[in-house]
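Both counts, for ligands and for their atoms, begin at 1 and track the order of listing.
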Amino acid sequence: MAFTDQIEPIKAAALEALQTAESLNNLEDVRIQYFGTNGQFTALLKQMGSLSKEERPAAGKAINLVKSELTKTLNQRREELEAAADSPKQATDFTSPGRRRPLGKKHPLTKVTADIVKSFRKIGFAVADGPEIESEYYCFDALNTPADHPARDTQDTFYINTKDRPLLRTHTSSVQIRAMEKMPPPIRIIVPGRVYRRDTADATHNPTFHQIEGLYIDKNVTVSDLKGTVEFVFKELLGKEVKLRFRPHYFSYTEPSLEIDFSSPLVRKMGKEWLEIAGCGMVHPKVFENVGYDPEEWSGWAFGFGIERIAMIRYGINDIRLFYENDKRFLEQF
Ligand code: DAH
């Protein structure tokens with residue numbers, strides 16, 4: 001067959017294949033079939049070399065025309081297929097179910113704090129707060145803590161610089177002083193807040209955690225008011241079977257000072273009978289003097305406890321660090 005007669009059938013077949021390619025992959029297969037190294041059109045080009053001098057110009061012209069036509073068709077079909085791939089195949093179906101977006105939840109510490117606050121509000125306590133960056137005066141001196149007390153040691157306290165020694169408060173007790181300086185008695189406040197200590201993180205310690213401070217000042221306040229209040233709140237929070245035990249202790253800002261142990265089925269579940277849960281006591285006369293209250297006229301009690309402790313008992317959590325890792329698998333359980 002003459003060379004030029006071979007061109008036409010290949011062109012017709014190639015055009016047909018290109019125009020009817022159904023996908024970009026399919027189109028690429030067709031391209032390789034004709035223009036690849038072993039392609040049918042490529043084979044025609046290779047034959048050019050064996051043509052006589054006379055035949056060559058006409059054959060070259062013919063083949064170049066076909067080549068440009070096929071290339072144009074290939075590009076056109078590619079554009080069509082690309083456009084189709086970009087646009088949705090179907091119109092939006094407004095009756096299909098919507099996509100659910102995951103909803104955030106309250107952090108367990110936020111929830112427990114809110115519940116504690118709610119219980120105290122029922123019995124007339126207001127919420128107060130104070131700064132986390134404190135002076136030694138509010139955190140220690142005004143609370144009658146001796147200058148050589150180990151709690152002040154840089155081992156326990158984060159000092160911000162050494163000149164006038166501001167620090168990160170080690171407890172919320174500093175807010176007792178601030179509240180009493182601000183308002184005259186009687187006082188009935190709680191103070192939820194973040195505190196800091198130079199502890200190495202482990203299952204029961206973290207360099208930052210949360211406390212709730214309580215302060216109640218009026219005339220003729222007694223230890224039994226303290227016991228009754230604390231018992232009411234803990235029963236609300238952790239169930240009716242809660243038992244509390246008060247043990248003598250020492251804090252510089254209370255006299256007498258007590259530590260509260262806590263027992264309940266939840267504690268037994270954790271393999272213990274009693275858990276130390278709070279410190280408390282009757283406000284020390286020295287503290288009253290420091291804020292200008294007359295200790296002969298006023299009496300009061302104070303307490304402080306850790307919020308993480310309560311949350312751990314309530315939810316059966318055995319590692320305090322889980323509260324700060326913000327692992328969604330943990331947070332989603334509450
Ligand atoms: N501030 C104490 C602590 O961080 C807790 C505490 C004990 C607070 C006795 C008080 C109190 O108000 O009276 O361990």
Quiz item: Quick one: does His284 get within less than 4.0 Å of ligand 1, heavy atoms only?
Solution: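 Outside the 4.0 Å threshold, so no.
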For ligand 1, which atoms, with element, lie under 4.0 Å from some heavy atom of [X]?
{"X": "Phe251", "result": "7 (C), 9 (C)"}
{"X": "Ser173", "result": "1 (N), 8 (C)"}
{"X": "Thr254", "result": "13 (O)"}
{"X": "Gln176", "result": "12 (O)"}

Practice problem: Say whether Gln211, considering both its backbone and side-chain N or O atoms, lies within less than 3.5 Å of an N or O atom on ligand 1. | Solution: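 Min N/O separation from ligand 1 is below 3.5 Å for Gln211.
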Practice problem: Return a yes/no value for Phe303: is any of its N or O atoms, backbone included, closer than 3.5 angstrom to an N or O of ligand 1? | Solution: yes
Among [options], whose heavy atom sits nearest [atom]?
{"atom": "atom 10 (C) of ligand 1", "options": "Arg197, His249, His171, Glu213", "answer": "Glu213"}
{"atom": "atom 9 (C) of ligand 1", "options": "Gly300, Gly306, Ser257, Gly279", "answer": "Gly279"}
{"atom": "atom 6 (C) of ligand 1", "options": "Ala278, Gly304, Gly281", "answer": "Gly304"}

Quiz prompt | Reported OG1-to-NZ distance for the pair Thr113 and Lys118, which is rounded to 0.5 angstrom | solution =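 NZ of Lys118 is found 13.5 Å from OG1 of Thr113.
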Quiz prompt | Asp327 vs Arg321, salt bridge (Lys or Arg N to Asp or Glu O under 4.0 Å): CA-CA, chis, key distance, verdict | solution = CA-CA 11 Å; Asp327 184 329; Arg321 291 168 293 193; over 6 Å; no
Exercise. Assess the side chains of Glu134 and Tyr196: does a donor N or O sit below 3.5 Å from an acceptor N or O?
Key: no
Quiz item: Does the side chain of Ser173 pick up a donor-acceptor pair with the side chain of Glu213 at under 3.5 Å?
Solution: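 Per modelled atom types, Ser173 and Glu213 side chains form a pair under 3.5 Å.
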Self-check item: Lys227 charged N/C atom sitting above Phe246 aromatic ring, 6.0 Å / 45°
Solution: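 Yes, Lys227 lies over the aromatic ring of Phe246.
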Self-check item: Within reach of ligand 1, part of Phe305 (heavy-atom separation under 4.0 Å)
Solution: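 The answer is neither.
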Practice problem: Please confirm whether the backbone N or O of Ala142 pairs with a side-chain atom of Tyr253, one donor and one acceptor, at under 3.5 Å? | Solution: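 No.
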Quiz item: Got the closest protein heavy atom to atom 11 (C) of ligand 1, with its distance?
Solution: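 Protein heavy atom at minimum distance: Tyr253 CE1, 3.6 Å.
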Quiz item: Aromatic rings Phe323 and Phe330: how do their planes relate, parallel, tilted or perpendicular, breaks at 30° and 60°?
Solution: perpendicular
Quiz item: If you measure from the Lys or Arg side-chain nitrogens to the Asp or Glu carboxylate oxygens, is any gap between Glu69 and Lys72 under 4.0 Å?
Solution: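 Answer for the salt bridge query: no.
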